[in-house]
Amino acid sequence: METGNRTVIKEFVLLGLSGSAEQQHFLSVLFLCMYVITLSGNMLIILVVGFDSHLHLPMYFFLSNLAFVDICFTSTTTPQMIVNILTDTQTISFVGCLSQLFFFISFVNMDSLLLCVMAYDRCVAVCHPLHYTAIMNLHFCVQLVVGLWIVTYLHALLHTLLMARLHFCASNIIHHFFCDLNPLLELSCSDISLNMVVIFTVGGLLALTPLICILVSYVLIFSTILKITSTQGKQRAFSTCGCHLSVVVLFYGTASAVYFNPSSSFIPESDTLLAIMYTVVTPMLNPFIYSLRNSDMKRALRKMLCKVVHFQQ
């Protein structure tokens, strides 16, 4: 549609992942399997935490929220990517694209903030065990999560409104498998300086503040663990913290590589691979890292399965 000398873009084309027909079918099956594992693992966490009253603690309250966010996070992009591969229908409306952008930014920010809160929770538990119950009470935890949702929605709304004011000329081809900030900014023929300022300031603040808090929390945790006299206790604590930190590095490393490069250095292929890491792989790994290696979660899972089997009999 043309208005004067300007072409008005009403839909975009998501190129997705390149490759032959055989590779595309393989990728669709692979991503479908990963999506099912992600849904199953994270839903299982929510069910187990809700089922076992012994897990009604701040740590598992945040864990179940993280599981819910991971389900929403991966559901924002993965199903559309699978459908696009299978049906070869790659178009998405302008409104649909902005909606996907809004929810994607909301969930990716909520994911990082919950990782920060979980690190703080463990820091209080390890460094101040006598004051843990008083500090991390249920009322405070609920208020904290509600506050995080408000912040993430307002931040996503800001980016979405700034994107909606831009004009998109001529090309409507997005070199990505979902509507993300950098690929959309590449297509705009408007001045995107304000968008970039918001990405590097507000976005940077929301990304770097949780990361700094996580690092400070783990420095305090490690300094406390080193004072533990039991070698077995030290090894168990270091192993758990190492798993958590590996997810943090994977998530923040790939996300920062995508969002904190200037738009002029946007490389579709590398950015797509990095995006797959934190939109598909990380949500799939979280249930294994945060719960299946946790003795309390495994005990609660066995208890729930035994009751289900007994009920069926």
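Fair warning: this is a prediction, and the values are worked out from it, not measured in the lab. For the numbers below, each heavy atom of this structure counts, side chains included, while hydrogens, waters and symmetry mates do not.
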### Query
Can you check side-chain contact (heavy atoms from CB on, under 4.5 Å) on Cys141 and Asn137, steps first, answer last?
CA-CA 6 Å; Cys141 293; Asn137 59 78; over 6 Å; no
#### Entry: Chi angles and distances behind the side-chain contact (heavy atoms from CB on, under 4.5 Å) call for Leu185, Ile199
CA-CA 11 Å; Leu185 292 176; Ile199 290 175; 3.8 Å; yes
Can you measure from [atom1] ([X]) to [atom2] ([Y]) and round to the nearest 0.5 angstrom?
X	Y	atom1	atom2	answer
Ile46	Leu66	CD1	CG	9.5 Å
Asn195	Asn182	CG	CG	10.5 Å
Thr160	Arg165	OG1	CZ	13.0 Å
Asp70	Ser75	CG	OG	10.0 Å
Leu98	Phe94	CG	CZ	4.5 Å
Ser93	Gln100	OG	CD	10.0 Å

### Message
Does atom NE2 (His54) have a neighbourhood of more than 12 heavy atoms from anything else shown, all under 6.0 Å?
### Response
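Count not over threshold, so no.
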Check whether any side-chain heavy atom of [X] lies under 4.5 Å from a side-chain heavy atom of [Y], and answer yes or no.
X	Y	value
Ile71	Thr38	no
Phe178	Met81	no
Tyr35	Val280	no

### Query
Does the side-chain contact (heavy atoms from CB on, under 4.5 Å) test come out yes or no for Thr77 and Phe177, once each step is laid out?
CA-CA 8 Å; Thr77 58; Phe177 62 91; 4.1 Å; yes
Is it true that a side-chain atom of [X] and a backbone atom of [Y] form a donor plus acceptor pair closer than 3.5 Å?
X	Y	result
Ser188	His167	yes
Asn172	Glu11	yes
Ser64	Phe61	yes
Ser223	Leu220	yes

#### Entry: Derivation and outcome, side-chain contact (heavy atoms from CB on, under 4.5 Å), residues Thr279 and Thr74
CA-CA 6 Å; Thr279 60; Thr74 192; 6.0 Å; no
Joint hydrophobic cluster, [X] plus [Y], side-chain heavy atoms closer than 4.5 Å:
X	Y	result
Leu194	Phe102	no
Met118	Val142	yes
Leu57	Leu44	yes
Val48	Phe288	yes
Tyr60	Phe68	yes

### Task
Grab the two heavy atoms, one from Thr152 and one from Ser106, that are nearest each other, plus how far apart they are.
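The pair with the smallest heavy-atom distance is CB-O, 3.7 Å.
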### Task
Please report the shortest heavy-atom distance between Pro283 and Asn42, naming the atom on each side.
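For Pro283 and Asn42, the tightest heavy-atom pair comes out as O-ND2, 3.2 Å.
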### Message
For a disulfide (SG to SG under 2.5 Å) check, start with the C-alpha distance between Cys179 and Cys97, then their side-chain angles and the critical distance, and finish with the verdict.
### Response
CA-CA 6 Å; Cys179 294; Cys97 190; 2.0 Å; yes
### Query
Pairs in or reaching into residues 117-140: which pass ring-ring contact (aromatic ring centres under 6.0 Å, His included), with residues at least two apart or in two chains?
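Matches after skipping sequence neighbours: none remain.
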### Message
Using ring centroids (six-membered ring only for Trp), state whether His155 and Tyr153 fall under 6.0 Å.
### Response
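When the ring centroids of Tyr153 and His155 are compared, they turn out to be at least 6.0 Å apart.
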### Query
Between Phe104 and Phe73, how do the two ring planes meet: parallel, tilted or perpendicular, split at 30° and 60°?
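Rings of Phe104 and Phe73: tilted, 30 to 60°.
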